[in-house]
There are 2 protein chains.
Amino acid sequence: MTDNSSPTAASRRSFLRTAAFAGAGLATGAAQAQTPKPDPAITEVPDWTRYLGPGVQNAPYGSPSKFEKHIIRQDVEWLTASRESSVNFTPLHALDGVITPSGLCFERHHSGVAEVDPAKHRLMIHGLVDKPLVFTMEDLKRFPGRINHAYFLECAANSGMEWRGAQLNGCQFTHGMIHNVWYHGLPLKTLLDEAGVKPKGKWLLAEGADSAAMTRSIPMEKALKDCMVAWGMNGEALRPEQGYPLRLVVPGWEGNMWVKWLRRLEVGDEPWEQREETSKYTDLLADGRARRFTWIMDAKSVVTSPSPQAPLVQKGPNVITGIAWSGRGRMQRIDVTIDGGKNWTTARLDGPNMPLSMVRFYLDFDWDGREMLIQSRAMDETGYVQPTKEELRKVRGVNSIYHNNGIQTWLVRSNGETENVEIS
Amino acid sequence: MTDNSSPTAASRRSFLRTAAFAGAGLATGAAQAQTPKPDPAITEVPDWTRYLGPGVQNAPYGSPSKFEKHIIRQDVEWLTASRESSVNFTPLHALDGVITPSGLCFERHHSGVAEVDPAKHRLMIHGLVDKPLVFTMEDLKRFPGRINHAYFLECAANSGMEWRGAQLNGCQFTHGMIHNVWYHGLPLKTLLDEAGVKPKGKWLLAEGADSAAMTRSIPMEKALKDCMVAWGMNGEALRPEQGYPLRLVVPGWEGNMWVKWLRRLEVGDEPWEQREETSKYTDLLADGRARRFTWIMDAKSVVTSPSPQAPLVQKGPNVITGIAWSGRGRMQRIDVTIDGGKNWTTARLDGPNMPLSMVRFYLDFDWDGREMLIQSRAMDETGYVQPTKEELRKVRGVNSIYHNNGIQTWLVRSNGETENVEIS
């Protein structure tokens, strides 16, 4: 935590200097001073200015431009046994701001996407309650106390391949099991209060309506604190891959607990020890013991550009940008280094800084064309500082799959190409 | 401004009372106490629990559930001469929170959707500047000082048909020429500073690359205050209908000024008096004179549910919800009436309350099945209170098309059906 001076003033001066491409030769029709040939983008009238474009259409649900077709969710075919239990990763390298577009939100399924008819969907609350309840979707939507929150959802296995060294070449694949969206629904507490949790009711089992019947145990304290039952995301209905028509929202905790296609909440007096909290979603240590109930996602960050899928294309002014998040509260500060950790500069945050939600950071800088080792390091409001991968391995060994929040390193070569590397 | 007491406690008690449908007969398999017949949604295992769903796919850009196919942008065929100069309205009745999904954002074109190749797109800044500039998209994206803001964009003609009385039956059509999204880009001031505006440069002409070459004059004071040049919306690239790859953002001002497919910014010493600011986007008064340069969108609100497209379906607990916005700053308060203005209750705001951005309000209430006249009334931080349509007509006559921010009335009939009406 050394040099916090802002590079912005210097960058601006330099932009003026290097931005000779812009304008100097304009009067003669040459867009770039270095290029005497006229820029056809200026001298020729393009088709979209010459001809009428398509008009509005009936039944439209809009889509991205045809020039953005490469910005998509992608899977890694060898990662899982079948497509029904696989992952599509968010293209983080191409996004900005803090809210993930619904069409690009990562997806992870245990038995494919359940295509649930909302008219036939029910949410049951039972077990150690005064009054078991069954809700239709209509019942939930007319229940008092609706709320809206933006939260990050990170799969516990995000960056899991990186435990054993740099593996995947692109932040879409190293960090793309995360999204950050608005949720619309009810506080879970509201529904539990309606049912009346008995004094012995210290745990909650959440069950999905998919054919995996995904089940997780959640401590009642968390359930009453800030969990939500949500039917909406980013303004509209949940997407099928995110649990349409109803999902559990467990802010700051690992994504596997955010049960999708939520159909059942059972109140009990101890955890259920389901498959997804015993053989899976526990952390095998070097000595053979396993950590369990490691629910909270610790502070983490990643530079999304430059990155292997978003290389640098030009010397001079450039923007380093990335995202950070913490399951323990609000983000305090993100530092960035371009020399592998010798010098750190505090990045500028821009956009909302909401607790348990992504933040966006920027560092404007001048690139002189030298190789760089770029890293970011997050610190949350509790004072927790994102560790290096080596620091994590010392404590947790290399058997783990889950909860890798280590600092990511990108090597930017002098030609701008960028790689996933590890430095010791 | 009378009764501000919260109806929430009463509603909650009533929900318990009327919510006998939920749970009482659960042990015997009957979901609804009123219905002795078992609910097949509980007693039968649905297909989505019995069979694997589809797995993740290559090249996916996600879409809404097939059960949400009716939630779309829609046009009104008779409204304009051609589809290329028409409007698709946002389905406000089906949305929640404050951010409009990009696929559902209203669109209005003057010569169709320009399908611009970003590699061939340029932004020129010229006129009364020290140094004319031409930027490629890559240049803009590596320029220092990138920012993110959520702003509402309302067409000046939103609710225009309502000047002469209740016309369109649904808030999608009466109020749907608005969206509220995140923008990612640069402060316009940054680019103007780079070019160096000469002291005489008091106006800016913004021009689009579509075949209408849409042009509007913008006072320099506004341009330097908070305008943006944006290439991103809601986390990803702008959509074609919203000006891909570059648009002007003019916070709080009428949507027509937010020039899409932005290709040219000319600095001058007086307004250009273009078609879109003389024969259009001026307000013809009763005495034949016209108001012009009426840029700011005044405080406005509308109840989105219940509304003609979202009728009430059941007595008992229900949620009134809607949106409000003001081009003059932050929203202060929204009041709601269910008796045509005799009694007003201050609604609960939930979600972010950002200046020049939509807010979401809720009023939980018990419906006894009587006819209601529902209205909402916005007040912004300047103290400005949304007027009635009659108050507007007294000042502005009925020749106007633009800037109708009058209070909207929905008549809810005893069967729950809801209509657009006017009361005097």
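Chain letters run A, B, ... following the sequence lines, proteins first and then strands; every chain starts at 1.
Summarising the geometry, atom OG belonging to A/Ser111 is positioned 14.0 Å from atom CZ belonging to B/Arg50; distances are rounded to the nearest 0.5 Å. For the atom pair CG of A/Asn234 and OG1 of B/Thr100, the computed distance is 11.0 Å after rounding to the nearest 0.5 Å.
With a 4.5 Å cut-off on side-chain heavy atoms, A/Ser86 and B/Val56 count as touching. Contact of the B/Tyr244 side chain with the A/Glu68 side chain is registered, since non-hydrogen atoms from C-beta on lie closer than 4.5 Å.
When the candidates B/Val98, B/Val116, B/Val87 are compared by the number of heavy-atom contacts under 4.5 Å with chain A, B/Val116 comes out ahead. Across A/Pro54, A/Pro46, A/Cys105, the residue that shares the most heavy-atom pairs under 4.5 angstrom with chain B is A/Pro54. Among A/Leu312, A/Val319, A/Asn148, A/Val45, the residue making the largest number of heavy-atom pairs under 4.5 Å with chain B is A/Asn148. Taking B/Gly55, B/Gly235, B/Gly112 one by one and counting their heavy-atom pairs under 4.5 Å with chain A, the maximum is reached by B/Gly235. In terms of non-hydrogen atom pairs under 4.5 Å with chain A, the most contact-rich of B/Ala94, B/Pro118, B/Gly232 is B/Pro118. Between chain A and the options B/Pro101, B/Ala114, B/Gly351, the largest number of non-hydrogen pairs under 4.5 Å is found for B/Pro101. Among A/Ala195, A/Pro352, A/Ser102, A/Pro91, the residue making the largest number of heavy-atom pairs under 4.5 Å with chain B is A/Pro352. By number of non-hydrogen pairs under 4.5 angstrom with chain A, the leading residue of B/Ala150, B/Ser85, B/Ser82, B/Gly97 is B/Gly97.
For B/Ala213, no part sits under 4.5 Å from any heavy atom of chain A, backbone or side chain. With a threshold of 4.5 angstrom between heavy atoms, A/Ile147 approaches chain B through its backbone and through its side chain. With a 4.5 angstrom heavy-atom cutoff, B/Gln242 does not touch chain A via any of its atoms. With a threshold of 4.5 angstrom between heavy atoms, B/Lys141 approaches chain A through N, CA, C or O but not through any side-chain atom. For chain A, the nearby part of B/Val313 is the side chain; its heavy atoms alone come within less than 4.5 Å. Of the two parts of B/His149, neither the backbone nor the side chain holds a non-hydrogen atom closer than 4.5 Å to a non-hydrogen atom of chain A. Contact of B/Ile71 with chain A is made through the backbone alone, with heavy-atom distances under 4.5 Å. Contact of A/Arg263 with chain B is made through the side chain alone, with heavy-atom distances under 4.5 Å. The part of B/Tyr362 that comes within reach of chain A is its side chain, from C-beta onward, which places non-hydrogen atoms under 4.5 angstrom from that chain.
In terms of heavy-atom proximity, B/Ser63 sits nearest to A/Glu241 at O-OE1, 4.1 Å. Summarising the geometry of B/Phe67 relative to A/Glu115, their closest heavy-atom pair is CE1-O, 4.2 Å, with the distance given to 0.1 Å. When all heavy atoms are compared, the tightest approach of A/Pro64 to B/Pro240 is C-CD, 4.0 Å. When every heavy atom of B/Trp182 is checked against every heavy atom of A/Ile99, the shortest pair comes out as NE1-CG1, 3.8 Å. When all heavy atoms are compared, the tightest approach of A/Ala41 to B/Lys120 is CB-O, 3.3 Å. Nearest heavy-atom pair across A/Glu84 and B/Gly53 is CG-O, 3.4 Å.
Applying salt bridge (Lys or Arg N to Asp or Glu O under 4.0 Å) to B/Arg146 and the options A/Asp96, A/Asp350, A/Asp364 leaves one that passes, A/Asp96. Partner of A/Trp48 under the side-chain contact (heavy atoms from CB on, under 4.5 Å) criterion, out of B/Asp210, B/Asp117, B/Val113: B/Asp117 alone.
Of the possible donor and acceptor atoms, none in the side chain of A/Arg83 sits under 3.5 Å from a partner among the backbone N and O of B/Gln57. At distances below 3.5 Å, not a single donor-acceptor pair connects side-chain atoms of A/Thr49 with backbone N or O atoms of B/Ser211. Judged by distance alone, the side chain of B/Arg142 and the main-chain N or O of A/Pro317 form a donor-acceptor pair under 3.5 Å.
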